[in-house]
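Notes follow once the structure below has been shown.
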Amino acid sequence: MKALLVGAGAREHILAEKLSRSALLYSIMAAPHPGISRLSKEFLVHDPTDAAVVGEWAQSRKIDIAFVSPDGLLAKGVTDTFADMGIPVASPLKKAAQIEWDKGYARNLMISHKIAGCPEIKIAKDFGEARAAIKEMGNVAIKPLGLTGGKGVKIMGEHLNSEEEAIAYCSTLLEKDGSVLLEEKLEGEEFTLQAFCDGQNLSLMPPVQDHKRAFEGDVGPNTGGMGAYSTGNLLPFMQQKDLEAAKEIMQATIDAMRKERNPFTGVLYGQFMLTSKGVKVIEFNARFGDPEAMNVLTLLKTDLAEIFASMAEGKLKAPSFSNNSTVVKYLVPDGYPDAGKAGLEISLNEKEIWNLGAKAYWGAVYEKEGRIYTSTSRAAAVVAQAPTLEEAESKAEHATSFVRGPLWHRRDIGTRELIKKRMEHVRRLKG
Ligand code: AMP
Ligand code: GLY
């Protein structure tokens with residue numbers, strides 16, 4: 001089988017590794033990625049949104065299955081380029097990816113189909129509406145409707161310290177976008193649930209907890225995600241009924257999309273919050289999470305190229321996963337997330353990391369004359385799996401010492417202390 005992967009970060013690096021196990025890998029990336037290029041039979045460095053060039057390149061290589069990975073490219077319809085040529089695709093068309101690139105679409109779909117787990121929301125179109133909504137709703141989360149790389153959401157009482165600050169942020173977004181989404185501020189523990197979908201059926205991957213805040217102890221600005229852990233079938237603070245509730249919400253969502261003649265084929269990512277009133281939806285994404293992809297794909301036992309092919313065919317092959325625990329830690333350049341320094345030389349000792357039983361994947365880096373340099377974002381990830389979370393965490397932490405350069409990471413991800421804090425939080429919420 002010839003599999004085409006579009007995108008180039010750490011999430012795509014593990015996708016490339018899994019696909020290249022059984023398929024011949026072809027990849028398209030905007031800038032050369034040191035890991036994916038080495039795994040590829042052939043790669044094209046070109047703007048993936050240039051439909052004429054990438055379409056012709058894929059067609060002449062007789063690709064059997066294509067997968068477009070990053071949100072920005074899904075929103076620009078890169079999957080459609082291949083689908084229009086009759087190439088089977090396992091990622092969503094632009095129209096279906098709207099579940100991610102338009103938060104208004106996602107919320108309205110939930111409301112009109114009476115899908116559980118939707119917080120109270122208001123889409124304001126002008127300053128007066130935004131102000132009235134804040135007065136009425138109290139503490140809210142303020143969000144742009146479009147894609148923001150996880151960094152555009154501001155929460156009252158966390159990032160915004162007064163009603164005035166909240167209203168001011170609304171006006172910034174209104175000026176830029178002409179609308180702003182206000183959501184009831186939820187309190188609880190977040191988890192990620194990813195599922196393979198074939199338009200009709202879905203199959204869950206193990207739940208994962210990401211860490212959005214930049215600094216240890218969950219403080220500082222939001223990031224794309226500093227690292228994540230998983231512990232088999234459930235996270236330590238979850239019960240089986242929470243997983244079932246989240247699964248039902250995801251199934252109801254793809255059912256609703258199918259009814260609206262917008263079937264979702266791809267990886268559906270549900271970000272949930274476990275609150276005192278049950279499981280609520282924070283957002284949906286139309287792709288794997290980054291870093292969460294590295295947790296789940298590390299555990300995947302079924303061949304990924306075969307799963308993708310079955311999704312494209314509308315006959316989802318149910319995957320199986322090992323129930324080990326996993327820990328992923330991202331190493332990021334000095335100055336990240338506000339002003340990550342680009343052009344810093346970094347290196348990793350793959351053999352030492354391998355000897356530990358861990359792995360490393362390159363993120364936002366570029367290669368020049370055989371050396372690797374940072375761009376401004378998350379540079380490299382280490383991943384470890386083990387029968388217990390403690391072992392996985394300690395292996396991952398040890399592995400970070402073999403990634404060299406002016407980088408830093410959160411040491412607390414997956415540690416016993418942080419997990420204890422999560423469990424106590426949920427216990428407190430439930431009274
Ligand atoms: P998003 O980009 O929608 O994933 O939001 C980024 C982060 O903001 C989430 O991971 C949550 O921590 C937080 N957040 C988003 N929506 C809400 C909400 N309604 N209530 C509380 N926190 C939220
Ligand atoms: N880790 C969060 C995301 O991929 O959106």
Side-chain angles (χ1 to χ4, degrees), residues 7 9-12 14-15 69-72 74-75 97 99-104 106-107 110 117-123 133 137-160 166 169 173 180-194 205 207-214 218-230 267-277 279-297 328-330 332 337 363-364 377-378 381 410 413 422 425 429:
R11 167 183 56 194
E12 290 76 25
I14 192 168
L15 282 166
S69 173
D71 48 359
L74 293 168
I99 191 83
E100 171 164 12
W101 57 257
D102 179 359
K103 286 183 160 91
R107 290 311 193 193
M110 293 187 79
C118 190
E120 195 196 327
I121 68 138
K122 167 85 192 168
I123 297 172
M137 293 167 78
N139 273 350
V140 288
I142 301 175
K143 307 182 173 189
L145 288 179
L147 298 178
T148 62
K151 293 171 197 158
V153 175
K154 294 200 183 196
I155 318 280
M156 283 175 76
E158 290 178 34
H159 314 97
L160 302 164
Y169 186 53
L173 295 179
V180 57
L181 174 61
L182 302 162
E183 292 184 358
E184 162 194 4
K185 177 183 173 180
L186 300 168
E187 215 224 305
E189 274 302 319
E190 286 179 64
F191 63 93
T192 300
L193 203 53
Q194 302 164 97
M205 303 179 227
V208 179
Q209 191 172 41
D210 184 21
H211 297 69
K212 294 235 167 182
R213 295 305 193 97
D218 293 321
V219 293
N222 275 333
T223 67
M226 295 297 295
Y229 69 90
S230 72
V267 171
L268 183 65
Y269 169 120
Q271 191 184 347
F272 294 97
M273 197 183 273
L274 182 56
T275 74
S276 60
K277 293 185 199 131
V279 170
K280 302 280 181 180
V281 176
I282 295 286
E283 68 169 354
F284 289 114
N285 294 328
R287 53 171 174 83
F288 280 106
D290 188 356
E292 295 97 320
M294 290 178 269
N295 299 89
V296 295
L297 292 173
V328 176
K329 299 196 186 205
Y330 250 122
V332 300
S377 200
R378 298 174 292 178
R410 272 184 65 166
I413 292 168
R422 309 276 190 237
H425 186 199
L429 284 171

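Just follow the structure's listing: the first ligand is 1, and inside any ligand the first atom is 1. These values consider heavy atoms only, across backbone and side chains, with no hydrogens, waters or symmetry-generated copies.
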Query - Within-cut-off N or O pair, E183 and ligand 1, under 3.5 Å - result: yes

Report task. Just jot down the ligand 2 atoms closer than 4.0 angstrom to any heavy atom of E292, in number order. Result -> 1 (N), 2 (C), 4 (O)

Query raised in the report: How close does the nearest protein non-hydrogen atom get to atom 2 (C) of ligand 2, and which residue and atom is it?
Result: Y269 OH, 3.3 Å

Query raised in the report: Got a salt bridge between E283 and K143, using NZ or NE/NH1/NH2 to carboxylate O under 4.0 Å?
Result: no

Report task. Measure E184 to ligand 1 on non-hydrogen atoms and call it side chain, backbone, both or neither using the 4.0 Å cut-off. Result -> backbone

Report task. Before signing off on this row, confirm whether R11 and ligand 2 have an N or O atom pair separated by under 3.5 Å. Result -> no

Query raised in the report: Is any side-chain heavy atom of T223 less than 4.5 Å from a side-chain heavy atom of Y330?
Result: no

Query - Protein contact of atom 5 (O) of ligand 2 - nearest heavy atom, named by residue and atom, plus distance - result: R287 NH2, 2.9 Å

Report task. Take the angle between the ring planes of F272 and F284 and call it parallel below 30°, perpendicular above 60°, tilted in between. Result -> perpendicular

**Report entry** By side-chain contact (heavy atoms from CB on, under 4.5 Å) - contacts of T275 (at least two apart)
**Finding:** L186, M273, K277, K280

Query raised in the report: Is there side-chain contact between M205 and V267, with at least one heavy-atom pair below 4.5 Å?
Result: yes

Report task. Look at the side chain of R410 and the backbone N and O of R213, then say whether any donor-acceptor pair between them is shorter than 3.5 Å. Result -> yes

Report summary line: Heavy-atom closest pair (S230 atom, N295 atom, distance to 0.1 Å) is N-ND2, 3.9 Å

Report task. Give the atoms of ligand 2, by number and element, whose distance to some non-hydrogen atom of G289 is under 4.0 Å. Result -> 4 (O)

Report task. Please verify whether a non-hydrogen atom of P291 lies at under 4.0 Å from ligand 2. Result -> yes

Report summary line: Numbered in order shown, the ligand 2 atoms found under 4.0 Å of a heavy atom of G224 are 1 (N), 2 (C)

Report summary line: In terms of its nearest heavy atom to atom 12 (O) of ligand 1, the top option of K212, H159, E190, K103 is E190

Requested in this report: Return yes or no for this condition: an N or O of K185 is under 3.5 Å from an N or O of ligand 1.
Outcome: no

Query raised in the report: Taking only residues two or more places apart in sequence, or in another chain, which ones meet H159 in a side-chain hydrogen bond (donor to acceptor under 3.5 Å, both in side chains)?
Result: none

Query - Note, H425 side chain near L274 side chain (heavy atom, < 4.5 Å) - result: no

Query raised in the report: In terms of atom number and element, which parts of ligand 2 are under 4.0 angstrom from non-hydrogen atoms of D210?
Result: 1 (N), 2 (C)

Report summary line: Quick note on ligand 2: atoms under 4.0 Å from a heavy atom of N285 include exactly 5 (O)

Report task. Determine the sole option in E100, R287, Q194, E292 for which the side chain to side chain donor-acceptor pair (under 3.5 Å) test with Y269 is passed. Result -> E292

**Report entry** N or O contact, L186 vs ligand 1, cut-off under 3.5 Å
**Finding:** yes

Query - Those atoms of ligand 1 less than 4.0 Å from some heavy atom in K143 - result: 3 (O), 15 (C), 16 (N)

